[in-house]
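A short worksheet on the structure shown next.
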Amino acid sequence: MDRWMVVAASLALALASSTVRAACADPMPAPGAPALEPHALRMAVGRVAGGELWALPPSVDIAGDGAAALLARAAVAAAGLDVDAARAALRRYFAEPAGDRTLDATAWSIAAGAAFAVGDYDGAARATVAWEAVLRRDGRAGDADRVARSHALPALLADAPPQSLEHAPRRARLPLRRDEAGLPRVQASINGQRQEMVLDTGANLSVLSASAARRLGVRVAARPASVQSSTRSALGARVGVAERLEIGGSVLRNVAFLVLDDASLRLPVVEGYRIDAVLGFPVFRALGRVRFEPDAFVVAPAPAADACAGAPLRVRASDLFVAARVDGVHVPLHLDTGASATFLTARFGQAHAERLGELALRERPLGGAGGVVRGREAVWPDVTLELGGRSLRFPELAVQTGDDGFGHWGTLGQDALGAFASVTVDLEAMRLRLGAPLPAPDPP
């Protein structure tokens with residue numbers, strides 16, 4: 001068995017041990033739904049793997065045994081956290097690789113993302129190595145270098161014990177406070193010690209400051225890593241593992257954290273503002289279903305009467321996206337409860353330049369781990385956001401310009417999420433459900 005097949009076989013086994021199945025997927029195609037011709041299907045699969053998570057609509061039939069059809073099913077299943085289906089399709093593809101380097105690279109990108117999404121960091125690291133190798137053989141050195149940089153984090157986590165849920169989520173209602181930046185915070189327990197944490201669905205991993213990690217007895221690896229934040233392309237970090245994390249009666253073991261220098265988590269929101277701990281996507285994935293309210297965080301709320309109600313969610317690696325419409329334009333927005341503001345990225349602006357027209361420009365600071373950078377943004381006035389049967393009007397919406405470093409189309413932040421009486425993130429049904437709109441605040 002050559003190196004390709006060794007990596008593929010071991011990846012399939014790793015995915016088999018990390019199953020997550022979505023209870024409610026996007027509607028399946030109706031009988032007689034049209035099939036895409038081979039070239040169009042290949043292009044659509046590449047777009048899904050590249051972050052356009054709804055590029056293969058439910059109205060398209062992706063049945064069949066061809067390489068592109070297998071990867072289409074794998075991509076859609078991985079995006080829906082249906083790892084059993086993604087694993088099955090990838091295993092069939094890897095059994096007889098197409099010999100097409102573009103498809104091979106797409107296959108490994110899907111495999112890497114699926115593994116990372118369910119915390120199989122060893123599988124993600126090995127898939128990333130194979131992905132990089134295919135790109136280099138294809139002469140795509142720039143893409144290979146980018147993938148190589150993304151390998152650092154799963155490689156550091158590969159030897160860590162896997163996160164596990166010791167006590168399954170039970171319904172619990174925790175007091176929630178909004179900090180000076182409008183971010184939601186609750187009390188949790190790490191290794192038996194209380195710790196206030198920011199609830200951040202947009203964080204690929206949970207985060208601790210170096211001082212908090214020491215105080216909480218978190219095991220921190222000696223080897224440093226370089227990670228990307230919203231304001232820095234290379235931010236020094238280490239990986240730590242908390243033996244026990246408890247939130248609302250749910251207990252998780254071996255929770256991975258990025259450990260950052262304290263200075264990287266001090267933001268100039270107000271004097272002395274800092275973040276010591278962030279609860280990230282892997283913990284939300286383990287909890288399954290949570291609800292945000294203005295003053296409470298509910299773990300494992302009762303399921304909705306209609307599990308499929310609400311806006312569809314999809315995942316790329318451990319980035320969570322929700323299907324939305326911005327002034328009628330379908331766009332996947334990064335669901336980020338750790339972001340104060342909703343905005344669109346330069347990728348959106350470039351794709352819809354004719355729609356935006358000539359907009360006014362302004363400079364604006366962007367804060368995140370690692371500090372604040374100044375950028376330019378266009379100001380799109382009077383924009384309507386539609387989301388899960390609800391609509392929200394923005395007097396203006398920022399559209400980033402130039403190379404903003406974001407690989408996605410836009411972010412859904414607290415200014416939008418906080419406009420509703422509740423926000424339920426259901427990673428079992430893969431739906432975002434919004435409560436009733438809250439009254440608009442009185443003008444200052």
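Fair warning: this is a prediction, and the values are worked out from it, not measured in the lab.
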Legend entry - Residues in side-chain hydrogen bond (donor to acceptor under 3.5 Å, both in side chains) contact with R146, at least two apart in sequence or another chain: none

Legend entry - Check: L135 main-chain N/O paired with R101 side-chain donor or acceptor under 3.5 Å: no

Inset, instruction - Return the set of residues passing side-chain hydrogen bond (donor to acceptor under 3.5 Å, both in side chains) with D200 (not counting sequence neighbours), or none when no residue passes. - result: none

Legend entry - Residue list, salt bridge (charged side-chain N to carboxylate O under 4.0 Å, His left out) with D319, at least two apart or on another chain: none

Inset, instruction - Taking side-chain hydrogen bond (donor to acceptor under 3.5 Å, both in side chains) as the test, write out the residues that go with E132, two or more places apart. - result: R136

Inset, instruction - Let me know which of T411, T345, L385, L387 forms a side-chain contact (heavy atoms from CB on, under 4.5 Å) with L333. - result: L385

Legend entry - Nearest-0.5 Å distance that lies between atom CG in L432 and atom CG in L412: 7.5 Å

Legend entry - Donor-acceptor contact present, side-chain R253 to main-chain A242, <3.5 Å: no

Inset, instruction - Flag the pair F343 / W409 as yes when their ring centroid distance falls below 6.0 Å, and as no otherwise. - result: no

Inset, instruction - Could you give me the CA-CA distance, side-chain angles and deciding distance for E52 and R47, then say whether salt bridge (charged side-chain N to carboxylate O under 4.0 Å, His left out) is met? - result: CA-CA 5 Å; E52 297 182 47; R47 289 171 61 196; 2.8 Å; yes

Legend entry - Under the side-chain hydrogen bond (donor to acceptor under 3.5 Å, both in side chains) test, residues paired with N254 that sit two or more places apart: none

Legend entry - Where A210 and D262 come nearest, the two heavy atoms and their spacing: N-OD1, 3.2 Å

Inset, instruction - Begin from the C-alpha positions of V329 and H352 and carry the test side-chain contact (heavy atoms from CB on, under 4.5 Å) through to its verdict. - result: CA-CA 9 Å; V329 177; H352 300 284; 3.4 Å; yes

Inset, instruction - Decide yes or no on salt bridge (charged side-chain N to carboxylate O under 4.0 Å, His left out) for R291 and D426, but give the supporting numbers first. - result: CA-CA 8 Å; R291 186 171 69 232; D426 189 342; over 6 Å; no

Legend entry - Results of side chain to side chain contact (heavy atoms under 4.5 Å, CB included) for A158 - residues two or more places apart only: D122

Legend entry - Any donor-acceptor pair under 3.5 Å from R73 side chain to I62 backbone: yes

Legend entry - Backbone N/O of A300 and side chain of R171: donor-acceptor pair under 3.5 Å: no

Inset, instruction - Using only heavy-atom distances, determine whether the side chains of Y93 and D104 contain a donor-acceptor pair under 3.5 Å. - result: yes

Legend entry - D100 side chain to T102 backbone, donor-acceptor under 3.5 Å: yes

Legend entry - Distance-only polar pair, side chains of T342 and D415, donor-acceptor under 3.5 Å: yes

Inset, instruction - Measure the acute angle between the ring planes of H408 and F321, then classify it against the limits of 30° and 60° as parallel, tilted or perpendicular. - result: perpendicular

Inset, instruction - Give a yes or no on whether the backbone of L216 and the side-chain of N191 come within a donor-acceptor separation of less than 3.5 Å. - result: yes

Inset, instruction - Please name the pair of heavy atoms, one in Q163 and one in P282, separated by the smallest distance, quoted to 0.1 Å. - result: NE2-O, 3.1 Å

Inset, instruction - Apply side-chain contact (heavy atoms from CB on, under 4.5 Å) to V220 and F257, showing your working. - result: CA-CA 9 Å; V220 179; F257 284 88; over 6 Å; no

Legend entry - Nearest heavy atoms of M430 and G80, plus distance in Å: CG-O, 3.4 Å

Legend entry - Worked check of side-chain contact (heavy atoms from CB on, under 4.5 Å) between R42 and L103: CA-CA 8 Å; R42 286 165 53 97; L103 284 182; 3.5 Å; yes

Inset, instruction - Verify side-chain contact (heavy atoms from CB on, under 4.5 Å) between L313 and L320, making sure each step is shown before the conclusion. - result: CA-CA 7 Å; L313 293 172; L320 184 60; 4.2 Å; yes

